Participant: 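One structure, pasted below without further comment.
The sequence lines fix the lettering, A, B, ..., with proteins before strands; numbering per chain opens at 1. Computed from a predicted model, the values in this text were never measured in an experiment.
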Amino acid sequence: KAGVTQTPRYLIKTRGQQVTLSCSPISGHRSVSWYQQTPGQGLQFLFEYFSETQRNKGNFPGRFSGRQFSNSRSEMNVSTLELGDSALYLCASSVTGDNSPLHFGNGTRLTVT
Amino acid sequence: AQSVTQLDSHVSVSEGTPVLLRCNYSSSYSPSLFWYVQHPNKGLQLLLKYTSAATLVKGINGFEAEFKKSETSFHLTKPSAHMSDAAEYFCVVSPYSSASKIIFGSGTRLSIRP
């Protein structure tokens, strides 16, 4: 069974630009959640999608948004990039999201210059 | 309210010696507890999961963890460290709800000396 796939693996963007990250979950997994990982803040929850609906959202500004498609693939978008958005963005999928283990992708490393 | 504390930010052991990574949790009810490992520039990989079936949980790569309710601890151990165990380890607490409620510990970096 293929794991969680995140694309691209690396991105370099300039302040003010926008970026879209993609996540393909494990087949059969309906929950996709996104996390931001930085050395200073650790792992922080961004949002979770289940059956194309955003089920929960973390404490991030509205510049961070996401969506989920009917095949459970998910995208997250960050607009008006700031230097502080530089981070490893991790996507995780699970069967239902309710207490089932998370399966993580290898992440997208975003660098904002 | 729930929280998780990893007591050591960095642990260094010699190859072939035991590993102990400490984790304490706080929860108003019986949570699910996980240990994940993260190698450089990789995502998190599930090592093991506790969900109240047994207090001693065996995971992958020879790791195991013991749930001690009286001590609110869920320490990760391995009898003999291998060079490939060098990585960041995260203790995670999850109530019975959605992925948004998952709380990650701050991580413990494990170094292995030859």
Participant: Given the side-chain rings of A:F104 and B:Y36, with only the six-membered ring counted for Trp, is the space between their centroids under 6.0 Å?
Facilitator: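 Yes, the ring centres sit under 6.0 Å apart.
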Participant: Applying side-chain contact (heavy atoms from CB on, under 4.5 Å), run through A:L43 and B:F90 and close with a yes or a no.
Facilitator: CA-CA 10 Å; A:L43 280 149; B:F90 293 92; 4.0 Å; yes
Participant: Going only through I, L, V, M, F, W and Y residues with side-chain contacts under 4.5 Å, is there a path from B:Y89 to B:M83?
Facilitator: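 Same cluster: B:Y89 reaches B:M83 through Ile, Leu, Val, Met, Phe, Trp or Tyr contacts under 4.5 Å.
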Participant: Answer with yes or no whether the hydrophobic clustering places B:F74 together with B:V19; edges join I, L, V, M, F, W, Y residues whose side-chain heavy atoms lie under 4.5 Å apart.
Facilitator: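 Yes, B:F74 and B:V19 fall within the same hydrophobic cluster.
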Participant: Would B:I60 and B:V37 show up in the same hydrophobic cluster when neighbours are defined by side-chain heavy atoms closer than 4.5 Å?
Facilitator: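 Yes.
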Participant: Quick test of your reading: applying disulfide (SG to SG under 2.5 Å), list the pairs with at least one residue in residues 50-94 of chain A, sequence neighbours left out, ordered by first then second residue.
Facilitator: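 Listed once each, the pairs are A:C23-A:C91.
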Participant: Does one hydrophobic cluster hold both A:W34 and A:V95, with members joined at side-chain heavy-atom distances below 4.5 Å?
Facilitator: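 No, it is not one cluster - the side chains of A:W34 and A:V95 are not joined through contacts under 4.5 Å.
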Participant: As an exercise, state the distance from CG of A:N106 to CG of B:L44, rounded to the nearest 0.5 Å.
Facilitator: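 Atom-to-atom, A:N106:CG and B:L44:CG are 10.5 Å apart.
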Participant: Is it the case that one hydrophobic cluster holds both A:L46 and A:Y35, taking links as side-chain heavy atoms less than 4.5 Å apart, direct or via other members?
Facilitator: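 In one cluster: no.
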Participant: Working to the nearest 0.5 angstrom, can you tell me the gap between A:S94 OG and B:L46 CG?
Facilitator: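 Atom-to-atom, A:S94:OG and B:L46:CG are 11.5 Å apart.
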Participant: So how far is it from B:Q38 CD to A:L90 CG, rounded to the nearest 0.5 Å?
Facilitator: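 That separation rounds to 6.0 Å.
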Participant: For B:Q45, is it the side chain, the backbone, both, or neither that has a heavy atom closer than 4.5 Å to a heavy atom of chain A?
Facilitator: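 Answer is neither: B:Q45 stays 4.5 Å or more from chain A.
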Participant: Using non-hydrogen atoms and a 4.5 Å limit, figure out which bit of A:Q37 sits close to chain B: side chain, backbone, both or neither.
Facilitator: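 The side chain, not the backbone.
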